[in-house]
Amino acid sequence: MTSAVMLALMVSGCDKISSDKVDLMDNSLSSHNDSSHDDSSTGKTTTKNDSENKKNENTSQTSQITTQAAADTAVTSENVNGSTDLVQTQQNKPASDNNGTQPPADINHQESEWWQEAEPEATYIGGILIANKTYALPPTYDPGCLSEDTNEAFLKMQEDARALGLNLQNNSGYRSYADQKRIYEGYVALDGKEVADTYSARPGHSEHQTGLALDLNSINDSFADTAEGKWVAENCYKYGFIIRYPKSKETVTGYKYEPWHIRYLGVDTATAVYNSGLCLEEYLGITSQYSD
């Protein structure tokens, strides 16, 4: 890897919003309380009556255990067949709450309100992570920076473009939910919600939060007419990227044409999407519409 690429890796590997770099830390706390005990028994000589009494006592305890086991089985059966299946509920629990911390271990499973209020999980369609107006990411989805594959693909594309005398820069890479909330609210204050929705994603609906999208060079329509913009449009699929919001697809993607916004899908999928002439929503057969 050339020294220029090494420098680019240091700069863009975990790039945030170019105008306001944000350092993010992901603190994970976990505790494991292990408990163990040893059972010991002592032997002693007993009389015949003592033995009989002991036998009767054991028989009574066995009966009680059997009765309890039957009751437990009935409860388990009810949970499996009922609408509040504890096993299924636990399997569907989010990995963390909105603060990024694990839920308390001693939570009362009968109180399901906490789980009902939990944010939805990320959506994958055809193995592709989706973030658009229909499908949202939870605030806790936080990779912290561009994915390794995305960053490596961009650096390779940047290097090849440089060899042709072209200059590609990562203007804006990963953004957290909070980053996007601040940006979107600023645009709403400037242009109003209806207009802002045509060019800025609401928090949770931005592809930048996935760590798989970048804005290149100038965030302006004029980028399409530059040598860099034309080269990216014709070649980015070879590196695993697509122009995420292509021209004439505004009613499908939900956003205006953005020649600078590329999304990483991997070379095979990006090539298939590029050759189809479809935008990602059309290719996957999904919508991109807010519910309100």
### Task
Indicate whether any N or O donor in one side chain lies under 3.5 Å from an N or O acceptor in the other, for Tyr237 and Asn275.
no
### Message
Using a 3.5 Å distance criterion without hydrogens, assess whether the side chain of Thr198 forms a donor-acceptor pair with backbone atoms of Lys256.
### Response
no
### Query
Cation over ring, Lys249 on Tyr255, under 6.0 Å and within 45°?
no
### Query
Going by an N to O cut-off under 4.0 Å, is there a salt bridge joining Arg175 and Asp215?
yes
#### Entry: Check: Val267 main-chain N/O paired with Thr271 side-chain donor or acceptor under 3.5 Å
yes
### Check: Asn220/Ser222 side-chain N/O donor and acceptor closer than 3.5 Å
yes
## Note on the structure
Closest non-hydrogen atoms of Ala224 and Tyr257, given as atom of the first, atom of the second and distance, are CB-OH, 3.5 Å
#### Entry: Glu258/Arg244 salt bridge by N-O under 4.0 Å criterion
no
### Query
Between Lys133 and Gly254, is there a donor-acceptor pair closer than 3.5 Å when you use the side chain of the first and the backbone of the second?
yes
### Task
Sequence neighbours left out, what passes salt bridge (Lys or Arg N to Asp or Glu O under 4.0 Å) with Lys181? Give chain and number order.
Glu185
#### Entry: Asp221 bridged to Lys247 by N-O distance under 4.0 Å
no
### Query
Out of curiosity, does Leu155 fall in the hydrophobic cluster containing Tyr239 (side-chain heavy atoms, cut-off under 4.5 Å, transitive links)?
yes
### Query
Are any side-chain N or O atoms of Asn151 and backbone N or O atoms of Leu146, one a donor and one an acceptor, separated by less than 3.5 Å?
no
### Query
Are the side chain of Gln180 and the backbone N or O of Tyr177 linked by a donor-acceptor pair below 3.5 Å?
no
#### Entry: Nearest atoms (heavy-atom pairs only) where Tyr135 meets Thr287
CE1-O, 4.1 Å
#### Entry: Lys238/Asp160 salt bridge by N-O under 4.0 Å criterion
no
### Query
Is the cationic atom of Arg263 (NZ for Lys, CZ for Arg) positioned less than 6.0 Å from the six-membered ring centroid of Phe241 and within 45 degrees of its normal?
no
### Query
Counting only N and O atoms by type, is there a donor-acceptor contact under 3.5 Å from the side chain of Gln209 to the main-chain atoms of Ser176?
no
#### Entry: Sequence neighbours excluded - salt bridge (Lys or Arg N to Asp or Glu O under 4.0 Å) pairs with any residue from residues 264-279
none
